[in-house]
Amino acid sequence: MDIKNICLGLALNAAMAVGMPTAHAAPGGISVKPLINKDVAEMPGKELLMISVEYAPGGEDPVHRHDAHGIVYVLEGSVVMGVKGGKEVTLKPGDTFYEGPADLHTVGRNASKTKPAKFVVFLLKEKQKPVLIPVP
């Protein structure tokens with residue numbers, strides 16, 4: 001596991017643990033801002049989490065997984081997403097992308113080298129599990 005993966009995982013998990021209200025810069029040209037974290041009363045031990053993610057021009061994620069159901073909704077710019085065994089897709093504003101608890105998120109990057117991209121992620125996850133699990 002490289003230092004970039006470790007730093008991104010620690011930054012995202014720390015931000016979620018403290019309910020950080022401001023954006024947090026992570027390695028790779030990524031800014032993450034927690035928006036809401038809510039227990040799901042009808043599903044004990046589960047929580048809903050919504051985060052805002054901004055990729056700087058050329059920004060990208062390291063390979064990771066979420067161990068959660070996740071839905072991406074693109075707000076601005078264009079992003080490329082992909083999971084192991086699936087096709088890479090380029091998303092524009094209004095497009096969505098799903099990844100499941102067992103998916104390995106192999107591609108997550110800004111499609112542009114000159115403009116930022118912004119999206120929100122909705123996660124349904126177990127309360128005690130980390131938001132992001134870096135994968136070497």
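One is the number of the first residue; the rest follow in order along the sequence. The figures that follow rest on heavy atoms only: side chains count, while hydrogens, waters and symmetry mates do not.
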Nearest heavy-atom contact between Val74 and Gly77 is CG1-O, 3.9 Å
When you check the gap from the basic side-chain N to the acidic O, do Glu47 and Lys125 get nearer than 4.0 Å? yes
With sequence neighbours left out, write down each residue that passes side-chain contact (heavy atoms from CB on, under 4.5 Å) with Lys92, or none if nothing qualifies. Asp95
Residue list, side-chain contact (heavy atoms from CB on, under 4.5 Å) with Glu54, at least two apart or on another chain: Ser31, Pro116, Lys118
Sorted by chain and residue number, the side-chain contact (heavy atoms from CB on, under 4.5 Å) partners of Arg109 (sequence neighbours excluded) come out as Glu60, Val80, Glu88, Val107
Indicate yes or no: at least one non-hydrogen side-chain atom of Met81 is less than 4.5 angstrom from one of Leu91. yes
Given a cutoff of under 4.5 Å between side-chain heavy atoms of I, L, V, M, F, W and Y, with clusters grown through shared members, what are the other residues clustered with Leu48? Val40, Met43, Leu124
Short question: side chain of His66, backbone of Val131 - any donor-acceptor pair under 3.5 Å? yes
Identify the heavy atoms of Ala117 and Ser78 that sit nearest to each other, and give their distance. CB-O, 3.8 Å
Kindly state each residue pair satisfying ring-ring contact (aromatic ring centres under 6.0 Å, His included) with at least one member in residues 110-132, sequence neighbours excluded. Tyr55-Phe119
Test of understanding: with side-chain contact (heavy atoms from CB on, under 4.5 Å), list the residues that count as partners of Asp67, not counting sequence neighbours. Arg65, Pro101, Lys129, Ile133
For Asp39, is there an ion pair with Lys127 - N to carboxylate O distance below 4.0 angstrom? yes
Is there side-chain contact between Leu49 and Ile36, with heavy atoms separated by less than 4.5 Å? no
Are side-chain heavy atoms of Val83 and Phe97 found at a separation under 4.5 Å? yes
On a heavy-atom basis, the closest approach of Lys115 and Asn110 is O-ND2, 2.7 Å
Spacing of Ile71 atom CD1 and Leu123 atom CG [to the nearest 0.5 Å]: 9.5 Å
Any side-chain heavy-atom pair from Val120 and Leu35 closer than 4.5 angstrom? yes
